[in-house]
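Small disclaimer: the values here were computed from a predicted structure and weren't measured. As a basis for the values below, the full set of heavy atoms in this structure was taken, side chains included, without hydrogen atoms, waters or symmetry mates.
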Amino acid sequence: MRLPLTLTVNGEPVSAMVEPRTHLVDFLREALDLTGSHAGCEHGVCGACSLIVNGAMLRGCLMLAVQAEGAEVWTVEGLTESGAIAALQAAFLARNALQCGFCTPGMLVAAATLLKANPTPTREEIREGISGNYCRCTGYHAIVDAIEEASRA
Amino acid sequence: MKPAPFAYARAASLPEVFDLLDRHGESARLLAGGQSLVAALNLRLSSPGILLDINGVEALRGIGFADGVLRIGALTRHAELGADPLVARHAPLLARAVPHIAHAAIRTRGTIGGSLALADPAAELPACALALDATLVLASRGGERRVAAVDFFQGLYQTALRGDEVLAAVEIASRAGQACTLQELARRHGDYAIVGLAAQAGPPGAGVALAWFGVGGTPLRTPRAEAALVAGDLAGAQAALAGEIDPPADLHGPPALRHHLARVLLGRAAAALKGH
């Protein structure tokens, strides 16, 4: 079974036929070659697949692609091209807030979501804001530093 | 992992949901927020023949207040629940529970109806429904029936919902001005609770409801601890818990660990209710 799907991804209209079982992050990665969002745990725990859909952050592995009919989806690629996360990216680089980089796209989406709702978070609020995103390299400290730096810029 | 193949249908109205349930019977699963179901599909713990997506059913949306009763549509997302002024006024316990539910990205999608219908014994909202004496509105082609939360949760992931029914809404008599608190211990922020407590006081002079989660197969009340707490005997209430909860041993630790943590949470809850 394949169903028609029409949506907007990073500002561009997209139409495709998808299997119902394909979750959104796999659709973005495999059908659209947008491999910035990562499929990590695939059960909603690690946060590497975090996306912005209709203005809110969600897990790309816990939404089926067919459920994104008519939706407006932003991935790390689109957020990069638009410049929306440029300050965060510069701060992540300056603060060594990544090592292997697997969590980074999701971490940036979580950080951007946090700063949109709360432009000057405390360190505690930053930790809360990224609590749904796992990083196995940095120990989080440098990530908190980077988000704090971007928020104070 | 990737899910096994399944078919998919969108329902735009409750009659369409009932038609689809009739047609597909046991092979169908309702898809609301999907924050537990899609994870279970990905892990192949669940393999339905068809998913019936109810996210487009307008009748399951919205939050309203009339005649002293707050009605919360089953498709209300956790993020909406936590931000709604009517909920904050008439059922503040629910608003306080929301920050404990997983993480922001999950709260974007997860729904109150999905959480109650799944009936995870370690989840916050089923215990809140119990503490609030909520009424669950179950819709079928024949009409609606109302089931008290205490009768709805029947066992581990088992509820009073029949195969031809949809959980449509939750109704709660206003708790405006009444003290409440949600206490929870988890290894990491956003994890399911090791032990949790939803506590809701009644009007002045009335009792207090203590609804526990993570301590058994269903959320559960502890009436003897409630009575002791109302009498001002915290130590007695803590002691009474020993005979009222029977938590399992699991990866978190032996039953004694949960007994201890329950006493700790009851102490914190008593202080929070007093400070209201």
Chemist: Identify the residues of residues 84-98 of chain B whose heavy atoms come closer than 4.5 Å to a heavy atom of chain A, ordered by number, or report 'none'.
Modeler: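 So no residue qualifies.
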Chemist: Chain A heavy atoms under 4.5 Å from B/Leu41: which part of the residue, side chain, backbone, both or neither?
Modeler: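 For B/Leu41, there is no contact with chain A at all, as no heavy atom is under 4.5 Å.
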Chemist: Give, for atom CE of A/Met63 and atom CD of B/Gln35, the distance between the pair rounded to the nearest 0.5 Å.
Modeler: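 Answer for the CE-CD pair, A/Met63 versus B/Gln35, is 9.5 Å.
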Chemist: Which heavy atom in B/Ile106 sits nearest to a heavy atom in A/Gly44, and how many Å separate them?
Modeler: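 Closest pair (atom of B/Ile106, atom of A/Gly44, distance): CD1-O, 3.8 Å.
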Chemist: If you compare all heavy atoms of A/Cys61 against all heavy atoms of B/Val38, which two are closest, and at what distance to 0.1 Å?
Modeler: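 Smallest heavy-atom distance, with atoms named: O-CG1, 3.5 Å.
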Chemist: For A/Val14, what residues pass the side-chain contact (heavy atoms from CB on, under 4.5 Å) criterion, not counting sequence neighbours?
Modeler: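 If we apply the side-chain contact (heavy atoms from CB on, under 4.5 Å) test to A/Val14, skipping adjacent residues, the hits are A/Leu7, A/Val9, A/Phe27, A/Leu32.
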Chemist: What's the separation between atom OG in A/Ser50 and atom NE2 in B/His103, rounded to the nearest 0.5 Å?
Modeler: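 A/Ser50 atom OG to B/His103 atom NE2 measures 10.0 Å (nearest 0.5 Å).
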Chemist: Can you confirm whether B/Arg109 sits close enough to A/Leu62 that some side-chain heavy atom of one is under 4.5 Å from a side-chain heavy atom of the other?
Modeler: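 The answer is no, as the side chains (C-beta and beyond) never meet within the 4.5 Å cut-off.
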Chemist: Side chain, backbone, both or neither: which part of A/Asn133 has a heavy atom under 4.5 Å from chain B?
Modeler: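 Answer is neither: A/Asn133 stays 4.5 Å or more from chain B.
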Chemist: Is it the side chain or the backbone of B/Ala102 that comes within 4.5 Å of chain A heavy atoms, both, or neither?
Modeler: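 No part of it gets close to chain A.
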Chemist: Applying a criterion of heavy atom separation less than 4.5 Å, what residues of residues 184-191 of chain B form contacts with chain A?
Modeler: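 Expected list: B/Arg188, B/His189.
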Chemist: Between the side chain of B/Asn42 and the main-chain N/O of A/Glu42, is any donor-acceptor distance below 3.5 Å?
Modeler: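 Checked: pair present.
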Chemist: Would you confirm whether A/Arg21, through its side chain, and B/Pro3, through its main-chain N or O, come within 3.5 Å as a donor-acceptor pair?
Modeler: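 Yes, the answer is positive, given that a donor and an acceptor are paired below the 3.5 Å cut-off.
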Chemist: Looking only at heavy atoms and a cut-off of under 4.5 Å, which of A/His23, A/Arg127, A/Glu69 has the most pairs with chain B?
Modeler: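 Max contact count across the listed options: A/His23.
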Chemist: Please classify the contact between A/Leu51 and chain B as side chain, backbone, both or neither, with a heavy-atom cut-off of under 4.5 Å.
Modeler: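 A/Leu51 has no heavy atom closer than 4.5 Å to chain B.
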Chemist: Just by distance, do the side chain of B/Arg10 and the backbone of A/Val66 share a donor-acceptor pair under 3.5 Å?
Modeler: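 Checked: pair present.
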Chemist: Check the pair A/Leu64, B/Asp53 against side-chain contact (heavy atoms from CB on, under 4.5 Å), reporting the backbone distance first and the verdict last.
Modeler: CA-CA 10 Å; A/Leu64 302 173; B/Asp53 188 341; over 6 Å; no
Chemist: Can you name the closest pair of heavy atoms from A/Pro20 and B/Tyr8 and give their distance?
Modeler: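 The answer is CB-CB, 3.5 Å.
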Chemist: Anything in residues 23-34 of chain B with a heavy-atom distance to chain A below 4.5 Å? Please list those residues in order.
Modeler: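 Residues of residues 23-34 of chain B touching chain A at under 4.5 Å: B/Leu31, B/Ala32, B/Gly33, B/Gly34.
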Chemist: Side chain, backbone, both or neither: which part of A/Leu58 has an atom under 4.5 Å from a heavy atom of chain B?
Modeler: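 Both parts, heavy atoms under 4.5 Å.
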Chemist: Counting only non-hydrogen atoms closer than 4.5 Å, does A/Gln67 touch chain B with its backbone (N, CA, C, O), its side chain (CB onward), both, or neither?
Modeler: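 Looking at A/Gln67, backbone and side chain both touch chain B.
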